[in-house]
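Down below is the structure, laid out as structure tokens.
Since this is a predicted model, take the numbers as computed values, not measurements. Worth knowing before you read on, the calculation uses all heavy atoms, side chains too, and leaves out hydrogens, waters and symmetry mates. Quick note on labels: first sequence line is chain A, next is B, and so on, each numbered from 1.
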Protein chains: 2
Amino acid sequence: MVKITDVARHAGVSPSTVSYALSGKRPISEETRQRVEASIRELGYRPHAGARALASSRSNVLALVIPLRTGIHVPVVMQFAVSVVTTARRHDHDVLLLTQEEGEEGLRRVADTALVDAMIVMDVQLDDPRLPLLRSLDRPSVMIGFPAEADGLTCIDLDFKAAGELCVERLAGLGHRVVALVGSPPEVYVRGTAFAQRVVQGFTAAADRNRLASSVHPCEAAPGAAAAVAEQLLREQPALTGVVVHNEPLLEPLIDAFEQLGLRVPADLSVTAICPDELAESVRVPITSVALPAAELGSRAVELLMKKLDGKTVPDATLLAPRLTERASTAPRNAP
Amino acid sequence: MVKITDVARHAGVSPSTVSYALSGKRPISEETRQRVEASIRELGYRPHAGARALASSRSNVLALVIPLRTGIHVPVVMQFAVSVVTTARRHDHDVLLLTQEEGEEGLRRVADTALVDAMIVMDVQLDDPRLPLLRSLDRPSVMIGFPAEADGLTCIDLDFKAAGELCVERLAGLGHRVVALVGSPPEVYVRGTAFAQRVVQGFTAAADRNRLASSVHPCEAAPGAAAAVAEQLLREQPALTGVVVHNEPLLEPLIDAFEQLGLRVPADLSVTAICPDELAESVRVPITSVALPAAELGSRAVELLMKKLDGKTVPDATLLAPRLTERASTAPRNAP
DNA sequence: GGTGGGCGTCGAAGCGCTTCGATGGAGGAA
DNA sequence: TTCCTCCATCGAAGCGCTTCGACGCCCACC
């Protein structure tokens, strides 16, 4: 193994000079740096990660905790993870993969052993048990999602309230006057992933603002429930022409159910959804939708961590603006 | 930060004794170990990963390179990754995530900086450019998949030949006499992921052994191709009653196409496939299939690496036996 | 011409751990 | 009793790097 002393000897300087040439933490003359760099290339020198971590108390590794719970869309998690790795590399960091399964103990372990400098935690719940831990650790972290009480923590997520609003605004813009939200299963609102509630808030706010008649329906995620929901919606709001769906598994069956009831999408009924793009595109009638911007979320999370590691302060909360992709499921009211 | 000298002082022993009590590399009296362990708990001691890595030249971290190419089924990759992490943790190791994108440079970097002790490489191609690199690095690795020339490397994968055979044997056992294989796109066979060819070999061998009439059809993965393929199959083999599909995107459309042509599955035509379980289950007629055992592959790969790190020798090639899951798409020939 | 101040470089200490050789004491064999 | 062995423990060296204080040199300024 070639070490820093070898490089130093080869370049005719001291080891500390090599170190400074590499890190730039002290001025080194242009000429010397050239010589050092040449020696490094020639000898194929690579600093030993462990030695570096020990001496500098920086490992240049981030931890990423990925969720395993069912109901989480796997491709989105993957997209996020890849984006985190890619962005971390741009900042000369690597990524250690932890599973939710290992839980708090895993986080504590990698933090306390100084294996990682900072961590990213996905799938945060309102009353997430990891909150006190993250607060107590001496390393910075970023959470994907918002807990109920985020004091002293840094969070980032899609702005689900704005997403709900955006869906409604789009429908309103197309002339629809009576709209409904088909939401997530009731237990989701209870159990506490905040985003579901935020969608409802946004939906309601935008509907009121536009003076639309509106209703909200939490729904089981079982495809079998679709027919009943569709029927109920039409019974309660016979003039319904716009629907927002925030319930992935129900999306496709719901479209089918509406058509069974004689409503054509989008001619008679416009549908928007908050769901991954792939799902929106794979439905028979491609759905106008707002997607979770997983890649952007990942890279923004890393950027936040890097700033924190640099000792800069960052906003406690970051909300990403939703973007709506127009597809075939929306049309002006009373279109042919 | 509490360090080993703190523990030593607290327990009234020397630092080396603490180290030995922890690693078990030298005998320590029961009484002393108890005392050391108590001190560790009381002080909340955690050995510094960097220091440990530096002194022992073992980082206890594995690298996992995940593929990004399209056409790779994301949930399977995820399953694999989770299994690797879980198994690595059981062996007191962590997992560093690398993307294919970083390529050879990434592997070389983490190996040369001693950031990882060993690595797992997924999605290996016949002429994978990483082969010479893996051979030249001083750290052990395991590859998922078989390249053309695997000398000196350790590989593991599903036994695709046996998988092809198993599908045919099942059909033969049900009395089918005329079978066809709908394979992957032609370029896959050319470009060189060995497994596609292995399936063909297994299919053909088993068909011959059972004296079945058989044919092989590489197919585009576009759903639109299904109708043409189905028609062609029936034209060329009018007595066809058994089909093996090794082409994920084509599976569902193909079933539809056969039914369009008046063949009921499984009454008139039995279908088996090599594909992820979720896909097999999501088709209208659930498909009897052989799945890629991602979780087992992951944990076996880690076990192999651990053995290599212990200096033990392991087999160059490990083939996992396929398992066929019976579903609704197969029936005895001439069943009602 | 003397002096103060950078700039560029060096030397040494030390990060926290593992490991090797040494050591002391207990126990068994002669 | 004496000597040898073996077990449990200790002390010190060193893993490869970063970092801090020190130092010499050159230039500018008076």
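Spacing between atom CZ of B/R52 and atom C1' of C/dC15 amounts to 16 Å, rounded to whole angstrom units. The interatomic distance linking A/R33 (CZ) with C/dT9 (C1') rounds to 14 Å, in whole Å. Atom pair A/L115:CG and C/dC17:P shows a separation of 14 Å (rounding to whole Å applied). In this structure, CG of B/L54 is placed 17 Å from P of D/dA13, rounded to the nearest angstrom. For the pair A/H48 NE2 and D/dG16 P, the interatomic distance rounds to 7 Å; values are reported in whole Å. C/dC10 atom C1' lies 13 Å from atom CD1 of A/I4, rounded to whole Å. In this structure, A/R58 places its CZ atom 13 Å from C1' of D/dT18, rounding to the nearest Å. The CG atom of B/N60 sits 10 Å away from the P atom of C/dT18 (whole-angstrom rounding).
The side chain of A/T32 sits closest to C/dG8 out of D/dG16, C/dG16, C/dG8.
In this structure B/R323 satisfies the side chain to side chain contact (heavy atoms under 4.5 Å, CB included) test together with B/E296, sequence neighbours excluded. Applying the side chain to side chain contact (heavy atoms under 4.5 Å, CB included) test to B/P67 and every residue at least two apart in sequence or in another chain returns B/I72, B/V77, B/Q100, B/M122, B/D123.
Between A/V65 and the choices A/R130, A/E104, A/M119, the side-chain contact (heavy atoms from CB on, under 4.5 Å) rule is met once, by A/R130.
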List the atom pairs, with distances to 0.1 Å, where a side-chain N or O of residues 41-55 of chain A and a protein N or O form a donor-acceptor pair under 3.5 Å, not counting sequence neighbours.
| residue | atom | partner | partner atom | Å |
| --- | --- | --- | --- | --- |
| A/R46 | NH2 | B/E105 | OE2 | 3.3 |
| A/H48 | ND1 | A/G50 | N | 3.0 |
| A/H48 | ND1 | A/A51 | N | 3.1 |

Side-chain donor/acceptor pairs under 3.5 Å, residues 303-313 of chain B, sequence neighbours excluded:
| residue | atom | partner | partner atom | Å |
| --- | --- | --- | --- | --- |
| B/E303 | OE1 | B/H91 | NE2 | 3.0 |
| B/K308 | NZ | B/S141 | O | 3.1 |
| B/K308 | NZ | B/T154 | OG1 | 2.6 |

Would you mind writing out the side-chain donor-acceptor pairs for residues 17-28 of chain B within the sub-3.5 Å range, not counting sequence neighbours?
| residue | atom | partner | partner atom | Å |
| --- | --- | --- | --- | --- |
| B/T17 | OG1 | B/S14 | OG | 3.2 |
| B/S23 | OG | B/S19 | O | 3.2 |
| B/S23 | OG | B/K25 | N | 3.2 |

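Contact check of residues 5-31 of chain A against DNA chain D (heavy atom, cut-off under 4.0 Å) returns A/S16, A/S19, A/Y20, A/K25, A/R26.
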